[in-house]
Amino acid sequence: KGWSARVTPPRGPRKKRGLFATRAPHRPNHIGMSACRLISVDTEQLRVFVRGLDLLDGTPVLDIKPYVPYCDSFPGAKAGWLDDLDSAQDGRD
């Protein structure tokens, strides 16, 4: 199988969480999605240079899509249990 449905994140209380509520790299399929910045395109060597990917070293990039604000932007997004953790550590309520 190679993965577990519940994992213990490195931050916060030593409490198991659902795999998909964390950034654990051990997942049932190794395809992820991440927003990044396009730095340049080398058309001669057929290479694309990006910055800010939320991936592990050596992870292949399978596809690149343009950033479309009406469907890619989530200004009111919450991070679930991580929001509570950040508030407690920063002294915010």
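Nothing here was measured: the structure is a model prediction, and the numbers come from that model.
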Set of side chain to side chain contact (heavy atoms under 4.5 Å, CB included) partners for Arg37, sequence neighbours left out:
Ile39

Write down the atom of Arg6, the atom of Lys16, and the distance for their closest heavy-atom approach.
NH2-O, 3.0 Å

Distance from Glu44 atom CD to Leu46 atom CG, nearest 0.5 Å?
9.5 Å

Does Val61 share a hydrophobic cluster with Phe49, counting links as ILVMFWY side-chain heavy atoms below 4.5 Å and allowing steps through other members?
no

Leu38: what forms a side chain to side chain contact (heavy atoms under 4.5 Å, CB included) with it, not counting sequence neighbours?
Val41, Val48, Val50

Locate the shortest heavy-atom distance separating Trp81 from Ala21; write the atom from each residue and the value.
NE1-O, 3.3 Å

Salt bridge (charged side-chain N to carboxylate O under 4.0 Å, His left out) filter on Asp63, not counting sequence neighbours, yields Lys65

Heavy-atom side-chain contact between Pro28 and Leu19 under 4.5 Å
yes

If I compare all heavy atoms of Gly52 with all of Cys36, which pair ends up nearest, and what's the gap?
C-CB, 4.3 Å

Nearest 0.5 Å please: distance from the OG1 atom of Thr22 over to the CZ atom of Arg17.
10.0 Å

Identify, with sequence neighbours excluded, every residue that meets side chain to side chain contact (heavy atoms under 4.5 Å, CB included) alongside Gln45.
Asp42, Arg47

How close do Lys15 and Pro9 get, heavy atom to heavy atom, and via which atoms?
O-CD, 3.5 Å

